[in-house]
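Numbered from 1 within each chain, the chains take letters A, B, ... in sequence-line order.
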There are 2 protein chains.
Amino acid sequence: MKKIKVKCWVEDEGEKFYGPGPNELLKRIQEEGSLSRAATKMGMSYKKAWELVQRLNQHAEEPLVILKKGGQHGGGAEVTPQGFEIMREFENLQRKIDEVVDQQTDLIKVLK
Amino acid sequence: MKKIKVKCWVEDEGEKFYGPGPNELLKRIQEEGSLSRAATKMGMSYKKAWELVQRLNQHAEEPLVILKKGGQHGGGAEVTPQGFEIMREFENLQRKIDEVVDQQTDLIKVLK
DNA sequence: AAGCGTTATGTATATACGTATATATCGCAA
DNA sequence: TTGCGATATATACGTATATACATAACGCTT
C-alpha cells in the first residue's frame with residue numbers, strides 16, 4: 001500500500017527551527033507542565049528536548065517556553081502565548097497541506 | 001530570515017520509496033543516459049544511486065529505469081515511460097503544495 | 001583476443017547522531 | 001538545614017549512515 005507523505009517546517013537562516021517535533025514537544029509541555037515528563041512521554045531524551053527549547057527561544061523574537069528550576073515542585077515548564085500562537089499557525093498550515101495531498105490521487109494511481 | 005519549507009514523498013509499506021532525491025536522479029539519468037554520470041553530477045555516490053534504482057524498480061509495478069551493461073558504449077541507463085509519468089505527477093504535486101505554502105504568510109508573521 | 005566504458009558488488013573506514021549515564025544546580029517547604 | 005523534584009550540562013558509547021576504495025562482470029568494437 002503506497003501513501004503520500006508530507007512534512008513542513010520553518011527554517012531560520014538555513015537552520016531547522018520549528019517542525020512537527022518541536023510542535024509535539026510544546027503540546028506535551030502544555031499538558032505536563034514539565035520538560036522532562038514531556039520528553040519522556042514522546043520518547044525523546046531530556047537532553048534533546050532541552051536543547052530544542054534553547055534553539056526555539058533563541059531564534060524566536062520572544063521565548064516560546066519558560067523553564068523554571070527549583071521551588072516547591074522542583075521547577076517546571078510552560079508554553080508562552082507566543083508558543084501557543086505558533087502551535088496554532090503551524091497546525092493550520094499542516095491542515096491546509098494535508099487537504100491538497102488528500103485531493104491528489106493521480107500519483108498513487110500511476111504507482112498502483 | 002525565516003522560511004517555510006515543505007517536502008513530500010511516497011512510502012510503500014512504511015518504507016521511503018519516491019521523493020525529491022529519486023526524482024532528481026531520474027531527471028539526471030534522462031539527461032546523461034548513464035547512471036554513473038547522473039550520480040556524479042548530483043553529488044551522489046554511484047553505489048547509493050544504484051541501490052536507489054533497485055528499490056524503485058522493485059516497488060513499482062513496472063521498472064522506472066532500465067540499466068544496460070556492456071556493449072559499444074559500455075552500457076547505459078534510461079528512464080522508462082512509467083518513470084517519466086511518475087516524475088510528471090510528482091512535480092505536479094510539489095507545485096500544488098508550494099502554492100499553498102506561498103499563500104501562507106501568517107506563520108512567518110508570528111515568528112517575524 | 002584485447003580494450004573500452006559502464007554496470008555490479010563487497011569491504012573497510014569515517015562521520016553523525018541518538019542514547020545512556022553521571023553529576024551539578026536551583027529554590028521552596030518542612 | 002535538609003530533602004525533594006525538576007532543570008542544567010558534560011562525557012562516553014553504540015548504532016546507523018555515508019563515503020571511499022577496490023575489483024569483477026559485461027558485451028560490443030576493432
Side-chain angles (χ1 to χ4, degrees), chain A residues 5 7 9 11 14-60 63-80 83, chain B residues 7 9 11 13-60 63-80 83:
Chain A
K5 297 275 184 173
K7 179 187 176 185
W9 68 95
E11 290 189 359
E15 187 184 359
K16 279 188 183 178
F17 165 62
Y18 194 90
N23 194 64
E24 183 180 351
L25 184 62
L26 258 61
K27 189 173 292 181
R28 300 276 190 178
I29 290 173
Q30 168 195 355
E31 290 167 8
E32 301 290 337
S34 150
L35 180 57
S36 65
R37 283 207 300 277
T40 301
K41 286 250 173 161
M42 67 184 286
M44 180 184 286
S45 70
Y46 173 81
K47 182 176 182 175
K48 184 175 177 182
W50 183 85
E51 287 172 342
L52 212 158
V53 169
Q54 303 308 307
R55 210 178 63 222
L56 288 176
N57 287 347
Q58 274 183 353
H59 285 74
L64 307 184
V65 176
I66 294 181
L67 301 177
K68 294 174 183 167
K69 66 176 175 180
Q72 180 171 13
H73 307 299
E78 66 173 327
V79 178
T80 65
Chain B
K7 179 187 175 183
W9 68 96
E11 289 189 0
E13 307 296 342
E15 186 184 0
K16 278 188 184 180
F17 166 61
Y18 194 90
N23 194 65
E24 183 179 351
L25 185 62
L26 259 60
K27 189 174 291 181
R28 300 277 190 177
I29 289 173
Q30 168 196 354
E31 291 167 6
E32 301 289 337
S34 151
L35 180 57
S36 65
R37 283 207 300 276
T40 301
K41 286 249 173 161
M42 66 185 286
M44 179 183 287
S45 71
Y46 172 81
K47 184 174 186 176
K48 184 175 177 183
W50 183 84
E51 288 171 343
L52 212 159
V53 168
Q54 303 307 306
R55 209 179 65 224
L56 288 177
N57 287 347
Q58 274 182 354
H59 286 74
L64 307 184
V65 176
I66 294 182
L67 300 177
K68 295 173 182 167
K69 66 177 174 179
Q72 181 171 13
H73 305 300
E78 66 173 327
V79 179
T80 66

Provide the start and end nucleotides, 5' to 3', of the part of DNA chain D that has atoms under 4.0 Å from heavy atoms of chain B. D:dA18 to D:dT29
Quick check on side-chain contact (heavy atoms from CB on, under 4.5 Å): which of B:Val65, B:Ile66, B:Leu67, B:Leu35 does B:Glu78 satisfy it with? B:Ile66
For the pair made of [atom1] in [X] and [atom2] in [N], what is the distance, rounded to whole Å?
X       : N      : atom1 : atom2 : value
B:Leu35 : C:dT9  : CG    : P     : 13 Å
B:Leu25 : C:dT7  : CG    : P     : 11 Å
B:Leu52 : C:dT7  : CG    : P     : 14 Å
A:Lys68 : C:dT25 : NZ    : C1'   : 18 Å
B:Arg55 : C:dA8  : CZ    : P     : 16 Å
B:Gln54 : C:dA8  : CD    : P     : 6 Å
B:Ile66 : C:dT7  : CD1   : C1'   : 14 Å

Identify, between A:Gly43 and A:His73, the residue whose nearest nucleotide on DNA chain C lies closer to the 5' end. A:Gly43
Nearest-nucleotide 5' precedence on DNA chain C, A:Gln72 against A:Lys48: A:Lys48
Rounding to 0.5 Å, atoms CH2 (B:Trp50) and CZ (B:Arg55) come to a distance of 12.5 Å
Does the C:dT7 base have a donor-acceptor partner in the side chain of B:Lys47 within less than 3.5 Å? no
Compare every heavy atom of A:Gln30 with every heavy atom of A:Val79, then report the nearest pair and how far apart it is. CG2-N, 4.0 Å
Comparing nearest nucleotides in DNA chain D, the 5'-proximal residue of the pair A:Gly74, A:Leu67 is A:Gly74
Checking B:Glu31 against B:Lys41 for the side chain to side chain contact (heavy atoms under 4.5 Å, CB included) test, could you report, in this order, the C-alpha distance in whole Å, the side-chain angles of both residues, the deciding distance, and whether it holds? CA-CA 10 Å; B:Glu31 291 167 6; B:Lys41 286 249 173 161; over 6 Å; no
Salt-bridge test for B:Arg28 and B:Glu24: reply yes if a basic N is under 4.0 Å from a carboxylate O, no otherwise. yes
Apply side chain to side chain contact (heavy atoms under 4.5 Å, CB included) to the pair A:Glu32 and A:Thr40, showing each step before the final yes or no. CA-CA 11 Å; A:Glu32 301 290 337; A:Thr40 301; over 6 Å; no
A:Leu26 side chain near A:Leu56 side chain, heavy-atom distance below 4.5 Å: yes
Just to be sure I understand the rule, does A:Ser36 reach a base, reach only the sugar-phosphate, or reach nothing, if contact means heavy atoms closer than 4.0 Å? sugar-phosphate
